[in-house]
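First up is the structure itself, then whatever we jot down about it.
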Amino acid sequence: MLYVDKNQINEVHKGISYNLNYPIIQIEGINHNNVDKLNKDIYEDVEIFKEVIELQNEFDYISINKNIISEYNVHFNTEDMISIVMEFSQVAGLYGISYINSYNYDLKEDKYITLDDLFKKDSYYIKRINEKIIENIDSILERYCYDEEDIEGFLGISKDQSFYIEENAVVICFSSYEFDKLISTPIEFKISFYEFEEHLSNYTKKKIYKK
């Protein structure tokens with residue numbers, strides 16, 4: 001298992017309050033350089049988020065205090081693989097918006113894990129996951145306190161969709177307004193590896209899924 005430490009940026013600048021928490025992964029041995037690359041990518045994303053907020057603030061006509069927050073959770077952690085999800089949020093008055101980013105990294109193979117890696121190439125997994133979400137749309141809306149009248153329609157996932165890995169599932173993540181044009185709440189939907197077992201890649205069966 002990899003050791004994950006927390007780093008923070010806590011500051012106030014031009015009416016913007018920053019409370020940014022982000023992970024630093026530590027390891028000893030041959031994969032050390034790969035961890036450095038992952039840490040660098042995460043830190044750069046935090047800095048880009050700050051820059052976008054500051055640029056946006058320059059063009060805002062109404063001055064209002066903003067709280068900029070980031071939090072993370074580690075969902076899968078072995079000696080050579082880690083899955084982290086980060087939520088970047090901007091809260092201004094009663095209005096809030098969140099962007100979800102995920103870091104699913106295989107240190108041994110030195111690569112980010114994609115949805116394409118998890119499922120067979122001929123499995124039409126995007127279509128199947130979209131169908132599964134639509135099949136469960138009522139329970140999803142209920143869990144996040146929405147009614148069917150509150151939405152225009154599920155927008156579907158892409159192969160670049162944010163997700164995180166659990167031992168027996170992959171969890172699809174939606175940022176604000178990504179699940180539906182009218183839903184600001186970040187949404188998650190779990191896909192059980194057991195239910196999708198026939199569509200899983202050899203990579204998933206060998207390195208992630210434990211029956």
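Each residue takes its place number in the sequence, starting with 1.
In summary, the side chains of N7 and Y43 do not present any donor paired with an acceptor at a separation below 3.5 Å, with no hydrogens or angles considered. Remark: the T78 side chain and the D80 side chain contain an N/O donor-acceptor pair separated by less than 3.5 Å. Side chain to side chain, E54 and Y18 meet the donor-acceptor criterion of an N or O pair below 3.5 Å. For the residue pair S83 and N104, a side-chain donor N or O sits within less than 3.5 Å of a side-chain acceptor on the partner. For the 3.5 Å distance criterion, the side chains of N34 and Y105 fail to qualify, holding no donor opposite an acceptor. A donor and an acceptor atom, one from each side chain of T185 and Y146, are located under 3.5 Å apart. For the residue pair Y103 / N101, a side-chain donor-acceptor distance below 3.5 Å is found, with atom types taken as modelled.
Enclosure of atom CD in Q56 by more than 12 non-hydrogen atoms of other residues, nucleotides or ligands within 6.0 angstrom is indicated. Under a cut-off of 6.0 angstrom, the local environment of OH in Y112 is crowded, with over 12 non-hydrogen atoms contributed by other residues, nucleotides or ligands. With a 6.0 Å radius and a threshold of 12 heavy atoms from other residues, nucleotides or ligands, Y124 has its OH atom at or below the threshold. Atom CG of D5 sits in a crowded spot, with more than 12 heavy atoms from other residues, nucleotides or ligands closer than 6.0 Å. Within a 6.0 Å sphere centred on NZ of K111, other residues, nucleotides and ligands contribute more than 12 heavy atoms.
Taking 4.5 Å as the limit, every side-chain heavy atom of I42 sits out of range of all side-chain heavy atoms of K37. Using a 4.5 Å cut-off on side-chain heavy atoms (C-beta onward), V170 and L115 make contact. Inter-residue side-chain proximity for K127 and K132 is flagged as unmet; no heavy-atom pair is nearer than 4.5 Å. You'll find the side chain of I133 reaches within 4.5 Å of the side chain of F174, heavy atoms only. Side-chain contact between F189 and V171: absent, with no pair of heavy atoms (C-beta onward) separated by less than 4.5 Å.
Using modelled atom types, one side-chain atom of D117 and one backbone atom of T114 make a donor-acceptor pair closer than 3.5 Å. Side-chain atoms of S70 come within 3.5 Å of backbone N or O of N21 as a donor-acceptor pair. In this structure, the side chain of Q161 engages the main chain of C173 through a donor-acceptor pair within 3.5 Å. Judged purely by atom type and a 3.5 angstrom limit, N39 uses its side chain to pair as donor or acceptor with the backbone of I25. In this structure, the side chain of R143 engages the main chain of E188 through a donor-acceptor pair within 3.5 Å.
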Could you go through the salt bridge (charged side-chain N to carboxylate O under 4.0 Å, His left out) check for E198 and K120 one step at a time?
CA-CA 9 Å; E198 65 180 294; K120 293 177 180 177; over 6 Å; no

Report the C-alpha distance between E11 and K50 in whole Å, list the side-chain angles of each, state the deciding distance to 0.1 Å, and finish with yes or no for salt bridge (charged side-chain N to carboxylate O under 4.0 Å, His left out).
CA-CA 11 Å; E11 62 186 33; K50 280 186 63 184; 2.9 Å; yes

Run I82 and V35 through side chain to side chain contact (heavy atoms under 4.5 Å, CB included) and show every step you take.
CA-CA 10 Å; I82 194 163; V35 167; over 6 Å; no

Run the numbers on E51 and L55 for side chain to side chain contact (heavy atoms under 4.5 Å, CB included), then give the verdict.
CA-CA 6 Å; E51 290 172 6; L55 181 62; over 6 Å; no

Step-by-step side chain to side chain contact (heavy atoms under 4.5 Å, CB included) determination, Y72 to K6
CA-CA 9 Å; Y72 69 89; K6 178 189 286 189; 3.3 Å; yes

Stepwise, does the side chain to side chain contact (heavy atoms under 4.5 Å, CB included) test hold for L107 with I27?
CA-CA 10 Å; L107 280 82; I27 189 175; 4.2 Å; yes

Where do Y164 and H75 land on the ring-ring contact (aromatic ring centres under 6.0 Å, His included) test, with the steps shown first?
CA-CA 7 Å; Y164 61 84; H75 294 278; 3.6 Å; yes

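Identified under the salt bridge (charged side-chain N to carboxylate O under 4.0 Å, His left out) test for residues 174-186, with sequence neighbours left out: none.
Minimum interatomic distance between P186 and S98 (heavy atoms only, all atoms of both residues): CG-CB, 3.6 Å. Scanning both residues, Y125 and D116, for their nearest heavy atoms gives OH-OD1, 2.5 Å. Counting all heavy atoms, side chain and backbone alike, I165 lies closest to F76 at O-CB, 3.2 Å. For M81 against L2, the heavy-atom pair with the smallest separation is O-CD1, 4.4 Å. The minimum heavy-atom distance linking L20 with N10 is given by the pair N-OD1, 4.4 Å. Closest approach of L141 to I183, counting heavy atoms only: CD2-CD1, 3.9 Å.
Salt bridge status for K205 with E197: absent, with no side-chain N to carboxylate O gap under 4.0 Å. One finds no salt bridge joining E79 and K108 here, because no Lys/Arg side-chain nitrogen approaches an Asp/Glu carboxylate oxygen to under 4.0 Å. Salt-bridge check for K207 with D106: passed, with a basic side-chain N closer than 4.0 Å to an acidic carboxylate O.
Between the CZ atom in F88 and the OH atom in Y99 there is a gap of 8.0 Å [rounded to 0.5 Å]. For the atom pair CD1 (I69) and CZ (F49), the distance works out to 9.0 Å, reported to the nearest 0.5 Å. Here the CE atom belonging to M86 is positioned 8.0 Å from the CG atom belonging to D45, to the nearest 0.5 angstrom. Distance check, rounded to the nearest 0.5 Å: CD of E166 to OG of S192 gives 10.5 Å. For the atom pair CZ of F163 and CD1 of I172, the computed distance is 7.5 Å after rounding to the nearest 0.5 Å. Rounded to the nearest 0.5 angstrom, L200 CG and E195 CD are separated by 11.0 Å.
Residue V52 is not grouped with residue V46 when hydrophobic side chains (ILVMFWY) are merged at heavy-atom distances under 4.5 angstrom, including chains of intermediate members. Clustering ILVMFWY residues whenever any of their side-chain heavy atoms sit less than 4.5 angstrom apart, transitively, puts V85 in a cluster other than the one holding I140. There is no path of hydrophobic side-chain contacts, each under 4.5 Å, that joins L118 to I100. At a threshold of 4.5 Å between side-chain heavy atoms, the hydrophobic network of Ile, Leu, Val, Met, Phe, Trp and Tyr places I84 and I48 in two separate groups. At a threshold of 4.5 Å between side-chain heavy atoms, the hydrophobic network of Ile, Leu, Val, Met, Phe, Trp and Tyr places I129 and L155 in two separate groups.
By the 30° and 60° cut-offs, the orientation of the rings of F154 relative to F179 is tilted.
A side chain to side chain contact (heavy atoms under 4.5 Å, CB included) with I97 is found for exactly one of S89, S176, S184, namely S176.
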